[in-house]
Amino acid sequence: MSLLEVENLRVTFPTRKGPSEVVRGVSFTLGRERLGIVGESGSGKSQTGRAILGLTPAPGAATADRLSFDGTDLRSLSARQWRGLRGKRMSMVMQDPKFSLNPVMPVGKQLMEVLRTHGAGRAAAREKALQMLDAVQIRDPERVFRAYPHELSGGMGQRVMIAMMLVSEPDLLIADEPTSALDVTIQIEVLRILDKLVSEQGMGLIFISHDLRLVSSFCDRVLVMYAGRVVEELKASELHQAQHPYTQGLLNCLPQIDEDRYPLPTLDRDAAWAD
Amino acid sequence: MTTRTNRGRRGALWLRKLVSTLGTVAVTFLGLLVVTFLIGRVVPVDPVLSVVGDRATQAQYDAAYHALGLDKPLVEQFWIWLQKVFQGDFGTSNLTTRPISQDIARVFPATLELATVSIVIGTAFGIPMGVWAAVRQGKLIDQIVRVVGLVGYSAPVFWLGLMGLLLFYFKLDLISGPGRVDISYEYDFTPKTGLFLLDTAMQGAWPAFRNVFSHIILPASLLGYLSLAYISRMTRSFMLNELAQEYITTARVKGVPEWRIIWVQALRNAAVPLVTVVALSYANLLEGSVLTETVFAWPGLGQYLTNSLQNADMNAVLGGTLVIGAIFVGLNMFSDLLYTLLDARTRNQK
């Protein structure tokens, strides 16, 4: 049985001109593997991730023909059942630690909160949190534990975020552009840490990014999204065999170090692909 | 770096903040003294006339003029006044013929007591109402809170006061009427602090306490309602802002219960600007609400200042203004310091 099954997922937001569908019938299954979702801004990749966690922001609404996580139908969960799953069995790393960490709460307290929410005692939670900070290769866990988010660099903040989301050893992690807000040099470090923990804990990963090359080097499979739809599904190793013109366009846009291209290629957007 | 030095560094930063705040306060207070003094000289009121009266001879007038020190240069007058102020001497009231400091010490506790009970009511109801409205944005409860707030903004306080007295005192007889305490209870306790609720409670004069309470509850609810209108509206908008932040999504991803997200995570962030809102509301109440104090015959600072102003008793007006200014400065300093406690980000600013 697959870890996650998604069939015909749709996310709709009401607007003044009537409902606007930002995710339009996305289907895929996920085992304990790494799945990349690639697409440009507004393609619906982030909303797909949030819908899986049941966190479609109001007044939006998500529907699906099938949305099951390890045999549990996610569509009919109560708020309490959702809370039992989130943070414990599924979690999400978000883009920018500057905004995704609570600014007035020390980092350690935020880490402990996950474990405390799911029933751990204070001392055990503290110990586990410190271990986890160590696992994301933070040199002085005690000090970072006491620090406030603004006292950390972006890279450190994102490590804390990863620690927080993996501390309860979930089965599914959604990483929504986890390195987009970081410097390029730090990106690799953070990815390496994420990669190591994901393989160690053997969880399913959905890696959302606009960076096709990053995704293909990091994932087993790639979904390419355009205007709320999956236009192509590929093995990461067979990226160069992409059939869809949009994927080819994305690949062509990547700068090549050994050629001098002028003018730079632009991305074609055919209205027909959206249908 | 060990945790101990880390903590020590934070302590040092806090101390530096305290020192710089005190410096700011000293400068602000000096400015306040200058402005207050100049207002006293600029207003078209002849302080001599209010002492000697209309029918004094020129010789009497000149003598009083000299006695008041008005023939000295302005700078020297300011210096003399400044020295006296620092000794707690604001001069003598022409109206009550007592030292102004004594007058203020007598009327200020009445205002302090009323303002404190009011701000407690306004905060205790205003913050939860604002939070509730923000969580249920656009729903019925949000509309109700907004209408309640709007009425608090727009209804004239003296009218609300009179209607309150008419209904609860005259018709229903639930509470006591104007004044701070009925005369029959007035000698059951000694007003040591001037805060009658505190005095009666400490001296165990419970019947008098009940009477004082039934006097204060209506004006305090009324003023509390006015600050509630402001506090709930600000709370609502701060909370809406916080609830839209990304760290709230993080908390939901972590599986944190909704009540904790609202009342701990979001409100803790909203509390930072709320401190200023509550402090300023409190400062406003401490000025003494002239209309409320008049309607309820409350012998407070507002009434005292109005009386003094109407009788051209400039020393009293200046003394009162100075006290109010000092309260404003003090409360601002207090909320600044509270900021640094609530929000670690403000601690590291040099």
Side-chain angles (χ1 to χ4, degrees), chain A residues 46 49-50 53-55 57-59 79-107 109-119 140 142-151 160-161 164-165 167-168 170 173-174 176, chain B residues 1-11 13-14 134-139 142 238-275 338-349:
Chain A
S46 286
R50 293 196 180 206
L53 282 165
L55 288 173
R80 176 184 286 270
Q81 288 168 316
W82 264 121
R83 283 202 304 273
L85 276 183
R86 285 189 209 131
K88 190 172 188 182
R89 301 206 52 206
M90 41 167 60
S91 61
M92 176 162 75
V93 174
M94 278 169 292
Q95 187 169 348
D96 195 340
K98 253 197 223 79
F99 303 111
S100 50
L101 294 170
N102 188 336
V104 300
M105 221 190 231
V107 159
K109 217 175 155 191
Q110 299 189 48
L111 256 161
M112 277 170 66
E113 199 180 25
V114 188
L115 299 159
R116 301 273 288 148
T117 299
H118 297 287
D140 191 349
E142 287 276 357
R143 188 173 71 87
V144 172
F145 190 86
R146 278 166 212 283
Y148 284 92
H150 73 277
E151 295 171 329
V160 167
M161 189 74 191
M164 188 156 76
M165 289 308 168
V167 71
S168 51
L173 178 72
I174 297 172
D176 188 356
Chain B
M1 193 185 291
T2 66
T3 51
R4 184 172 295 163
T5 55
N6 202 353
R7 195 171 283 172
R9 193 193 57 185
R10 271 185 194 150
L13 281 168
W14 209 77
V135 171
R136 298 249 173 282
Q137 190 195 2
K139 306 270 169 59
D142 186 21
F238 294 149
M239 279 300 283
L240 282 179
N241 183 38
E242 293 305 330
L243 287 171
Q245 300 294 318
E246 192 77 337
Y247 69 83
I248 297 294
T249 310
T250 307
R252 294 210 169 106
V253 169
K254 282 154 75 175
V256 176
E258 202 64 13
W259 66 265
R260 214 183 130 79
I261 290 177
I262 294 161
W263 295 98
V264 179
Q265 298 240 15
L267 187 59
R268 185 68 176 63
N269 278 278
V272 179
L274 262 182
V275 164
L338 215 54
Y339 248 70
T340 59
L341 275 183
L342 285 173
D343 190 348
R345 283 168 297 183
T346 55
R347 266 171 239 165
N348 293 6
Q349 284 163 9

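Chain A is the first sequence line, chain B the second, and so forth, proteins listed ahead of strands; every chain is numbered from 1. The basis for the numbers below is simple: all heavy atoms, side chains too, and nothing from hydrogens, waters or symmetry mates.
Annotation: maximal heavy-atom pairing with chain B below 4.5 Å, among A:M161, A:M94, A:R86, occurs at A:R86. Contact tally against chain A (heavy-atom pairs below 4.5 Å) for B:D343, B:V256, B:V264: the top residue is B:V256. Per-residue heavy-atom pair counts under 4.5 Å with chain A were compared for B:R260, B:Q245, B:E242, and the maximum is reached by B:R260. Between chain B and the options A:M164, A:K88, A:K98, heavy-atom pairs under 4.5 Å are most frequent for A:M164. Highest contact tally toward chain B, considering only A:S91, A:P106, A:S100, is held by A:S100 [criterion: heavy-atom pairs under 4.5 Å]. Taking A:L53, A:V167, A:V114, A:I174 one by one and counting their heavy-atom pairs under 4.5 Å with chain B, the maximum is reached by A:V114.
Only the backbone of A:L101 comes within contact range of chain B, with at least one heavy atom under 4.5 Å from a heavy atom of that chain. Residue A:M92 touches chain B through both its backbone and its side chain, counting heavy-atom pairs closer than 4.5 Å. Proximity to chain A is absent for every atom of B:I248, based on heavy atoms less than 4.5 angstrom apart.
Rounded to the nearest 0.5 Å, atoms CZ (A:R80) and CD (B:E258) are 13.5 Å apart.
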#### Entry: Check against side chain to side chain contact (heavy atoms under 4.5 Å, CB included), A:N102 and B:T250
CA-CA 9 Å; A:N102 188 336; B:T250 307; over 6 Å; no

### Message
For a side chain to side chain contact (heavy atoms under 4.5 Å, CB included) check, start with the C-alpha distance between B:V253 and A:M90, then their side-chain angles and the critical distance, and finish with the verdict.
### Response
CA-CA 8 Å; B:V253 169; A:M90 41 167 60; over 6 Å; no

### Task
Please report the C-alpha distance between B:K254 and A:H118 in whole Å, then the side-chain angles of each, then the deciding distance to 0.1 Å, and finally whether the side chain to side chain contact (heavy atoms under 4.5 Å, CB included) criterion is met.
CA-CA 9 Å; B:K254 282 154 75 175; A:H118 297 287; 5.9 Å; no

### Task
Please step through side chain to side chain contact (heavy atoms under 4.5 Å, CB included) for the pair A:Q95 and B:E246, ending with a clear verdict.
CA-CA 10 Å; A:Q95 187 169 348; B:E246 192 77 337; 5.8 Å; no

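In terms of heavy-atom proximity, B:G255 sits nearest to A:T117 at O-CG2, 3.1 Å. B:P257 approaches A:R83 most closely through the heavy-atom pair CA-CD, 3.4 Å.
A donor atom on one side chain and an acceptor atom on the other are found under 3.5 Å apart for A:E113 and B:Q265.
In summary, of the residues considered (A:P103, A:P149, A:P97), a side chain to side chain contact (heavy atoms under 4.5 Å, CB included) with B:Y247 occurs for A:P103 alone.
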